[in-house]
2 protein chains.
Amino acid sequence: MAAAPSTASSRGSLDRALIVRTAVEYVDAHGVADLSMRRLGQQLGVEAMSLYRYVAGREDLLDAVVTEVMTAVDLDPHERLGPADGWQAFLQRMAHQVRDVALAHPKVFPLVATRSPDAPWLRPPLRTLSTVETFLEALISRGVDDATAVRMYRTFSSFLLGHLLLAVSAVGASTAPAEEPLIERTAEAVTDDHGDPLPDAPPPEERLPGLPNLQRLEPMLAEDRTAEEFEESLDALLQRLELLVP
Amino acid sequence: MAAAPSTASSRGSLDRALIVRTAVEYVDAHGVADLSMRRLGQQLGVEAMSLYRYVAGREDLLDAVVTEVMTAVDLDPHERLGPADGWQAFLQRMAHQVRDVALAHPKVFPLVATRSPDAPWLRPPLRTLSTVETFLEALISRGVDDATAVRMYRTFSSFLLGHLLLAVSAVGASTAPAEEPLIERTAEAVTDDHGDPLPDAPPPEERLPGLPNLQRLEPMLAEDRTAEEFEESLDALLQRLELLVP
DNA sequence: ACCTGAACACCGTTCAAGT
DNA sequence: ACCTGAACACCGTTCAAGT
């Protein structure tokens, strides 16, 4: 979709960074399942076998893809904040940064969430040593003690994982991020990708037989409220964490 | 690992349920990546092509695996509870049931968390129509109004997703669920799978150069506190949800 | 030093053919 | 009705060979 920085095939033009960036683009566009060494080589104007000079294999490549998208979150603990801002401000900022990554790469984020990190004691989605070092330093330099910083790391990880995985799974489905209570499309013709009108969907009683609550609440369930819920839950989390540090 | 209900190959002995159960066992034992149609056929004493009578393909099989393990949470909303127990008791019970599934099938749970559900407005890990109908009915029959029940569905989903994915990713790593602050293994020889002694690991300063917080906190980070954190966070969640229903 | 062709052992999936 | 053999179009990965 984006203007391709790929297809650079003159001798010596290949390197690991280019391969990984192209892989990220490919996954963003087509999903992980469609990424093969052969297709990625093609995208780069090169035979698949050439890639093995730079990556140890497909698994190594996927790990590199995960690390690549998460580097956007690797920030100075005091950048744009100042140490006076408190650990709450830092967590707010980092939460939104990770959220931006997830929404920018919805097809990559499940990998961020589920692949084994570099060290067994790291937890997704903050999965690189330097990111976690930054995280701990930011908290501790703002007066949080060691044990509490570690607790916060875990609670924060679980929060991000749950909300962001829910958000990207909602992206894969309902394209409309419900702004009004419900979109009124009474007489508008629904069309498919080719512009042809779709056949009328059967009414809820037929689609969901014997499931009265779902029949009634389907429109409400279909609304994408992930953005609001993220903010609310983040506030609630920070309030809860404040009880930990005296 | 378990006594195999597989390898039943006399004509007509194959059916979808057996195939799916065998697939669950295979994934529990070897992981999703190792599950191929051919190997599953072998496990059942049958050629791979036979499976296509009962499943539409590998993707359909994986969806069936997910549904199969999650049926363990498909319960009567009043079973062992009584309608007088309140929605808090129901959520407590369901949370622990989903947790039991995740811990019983740590290699399957990432699929539960990341595969697209049957309907776009369903959210993992409660991803079948009947489970969500049960969930809503349980809450509404205990006095929760429609809109709040839907909000609870989303908040609860996000909670389960985050904590359980963190828990199973911890299972894949540290085998020891830290009971004491830290296991003292000063002079005990660490051995590998063959009983051969492992070479001494280098000290933290060498393994984690320039990462002083990680060097100091690695033992704390390595502790598996997912069980305690699940209970604490669940309590906090219930308290937060109580503010929603007057 | 860097890329490729050919090869190997695997995939998922189809379909006509067997029993 | 149910299973299979053969075949097709793909995989990831290796390695000796080319430039």
Side-chain angles (χ1 to χ4, degrees), chain A residues 4-27 29-68 107-108 111 114-116, chain B residues 4-27 29-68 107-108 111 114-116:
Chain A
S6 356
T7 58
S9 70
S10 50
R11 198 152 191 117
S13 69
L14 212 53
D15 67 7
R16 187 174 164 104
L18 176 63
I19 291 172
V20 174
R21 278 191 332 255
T22 309
V24 169
E25 279 172 33
Y26 195 93
V27 174
H30 305 104
V32 217
D34 278 13
L35 180 75
S36 75
M37 300 300 278
R38 288 164 139 103
R39 279 206 269 250
L40 181 58
Q42 203 171 294
Q43 194 81 193
L44 285 157
V46 111
E47 298 299 315
M49 305 79 190
S50 313
L51 305 175
Y52 287 84
R53 289 252 145 210
Y54 306 95
V55 297
R58 188 177 191 263
E59 293 300 299
D60 178 45
L61 176 63
L62 292 180
D63 282 336
V65 162
V66 165
T67 307
E68 166 73 13
K107 304 210 171 137
V108 177
L111 296 182
T114 57
R115 290 182 71 82
S116 296
Chain B
S6 358
T7 59
S9 70
S10 49
R11 201 155 190 115
S13 70
L14 212 53
D15 67 7
R16 189 174 163 103
L18 176 63
I19 291 172
V20 173
R21 279 190 332 254
T22 309
V24 170
E25 279 173 33
Y26 194 93
V27 173
H30 306 103
V32 216
D34 278 13
L35 179 75
S36 74
M37 299 300 279
R38 286 164 140 103
R39 278 205 271 250
L40 181 57
Q42 204 171 292
Q43 195 80 195
L44 285 158
V46 109
E47 298 299 315
M49 305 79 190
S50 313
L51 305 175
Y52 287 85
R53 289 251 145 210
Y54 305 95
V55 297
R58 188 177 190 262
E59 293 300 299
D60 178 46
L61 176 63
L62 292 180
D63 282 335
V65 162
V66 165
T67 307
E68 166 73 14
K107 304 210 172 136
V108 177
L111 296 183
T114 57
R115 290 182 72 83
S116 297

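The chains referred to below are lettered A, B, ... by the order of the sequence lines, with proteins before strands, and numbering in each begins at 1.
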Handout entry: Test item: Arg38(A) side-chain N/O and Ala48(A) main-chain N/O as donor-acceptor pair under 3.5 Å
Key = no
Practice task
Provide, to the nearest angstrom, the distance between the OH atom belonging to Tyr52(A) and the C1' atom belonging to dA17(D).
Solution key: 19 Å
Completion exercise
Any strand, both distances under 3.5 Å, Watson-Crick or G-U wobble: dG12(D) pairs with dC8(C)
Problem - Heavy-atom donor-acceptor pair, Arg115(A) side chain to Glu59(A) backbone, under 3.5 Å - result: yes
Problem - Spacing between Asp34(A) atom CG and dC10(D) atom C1', to the nearest angstrom - result: 12 Å
Handout entry: Closest-nucleotide ordering on DNA chain C, the 5'-leading residue of Arg53(B) and Gly57(B)
Key = Gly57(B)
Problem - Verdict with reasoning, Leu61(B) to Leu40(B), per side-chain contact (heavy atoms from CB on, under 4.5 Å) - result: CA-CA 11 Å; Leu61(B) 176 63; Leu40(B) 181 57; 3.5 Å; yes
Problem - Polar side-chain atom of Arg39(A) near backbone of Asp34(A) as donor-acceptor pair, under 3.5 Å - result: yes
Exercise for the section: Determine: side-chain N/O of Arg39(A) to OP1/OP2 of dC10(D), distance under 4.0 Å, yes or no. Expected result: no
Completion exercise
Per atom distances to the Ser36(A) side chain, the nearest of dG12(D), dG5(C), dT13(C) is dG12(D)
Practice task
For the pair Arg58(B) (side chain) and Leu35(B) (backbone), establish whether a donor and an acceptor sit closer than 3.5 Å, ignoring hydrogens and angles.
Solution key: yes
Practice task
From the options dC2(C), dT14(C), dG5(C), select the nucleotide whose nearest atom is closest to the side chain of Met49(A).
Solution key: dG5(C)
Practice task
Give the nucleotide from the list dC3(D), dG12(C), dA7(C) with an atom nearest to the side chain of Arg38(A).
Solution key: dA7(C)
Handout entry: Selection from dC2(D), dG12(D), dC3(C) that lies nearest to any side-chain heavy atom of Leu14(A)
Key = dC3(C)
Completion exercise
Glu47(A) CD to dT13(D) C1', in whole Å, measures 14 Å
Problem - For atom CG of Leu51(A) and atom P of dC2(C), their distance in whole Å - result: 14 Å
Handout entry: Contact under 4.0 Å: Ser50(A) side-chain N or O vs dT4(C) OP1/OP2
Key = yes
Exercise for the section: Please report, rounded to the nearest Å, how far the P atom of dC3(C) is from the CG atom of Leu44(A). Expected result: 11 Å
Exercise for the section: Would you mind pulling out the nucleotide paired to dA1(D), Watson-Crick or G-U wobble, both distances under 3.5 Å? Expected result: dT19(C)
Completion exercise
Atom CE of Met37(A) and atom P of dC10(D) are separated, to the nearest Å, by 18 Å
Exercise for the section: Establish, with yes or no, whether the OP1 or OP2 oxygen of dC3(D) is under 4.0 angstrom from a side-chain nitrogen or oxygen of Tyr54(B). Expected result: yes
Practice task
Figure out the CG/P separation between Leu61(B) and dC11(C), and round it to whole Å.
Solution key: 14 Å
Handout entry: Distance test, side-chain N/O of Arg58(B) to OP1/OP2 of dG12(C), below 4.0 Å
Key = yes
Practice task
Rounded off to whole Å, could you give me the CG-to-P distance for the Leu35(A) and dC10(D) pair?
Solution key: 16 Å
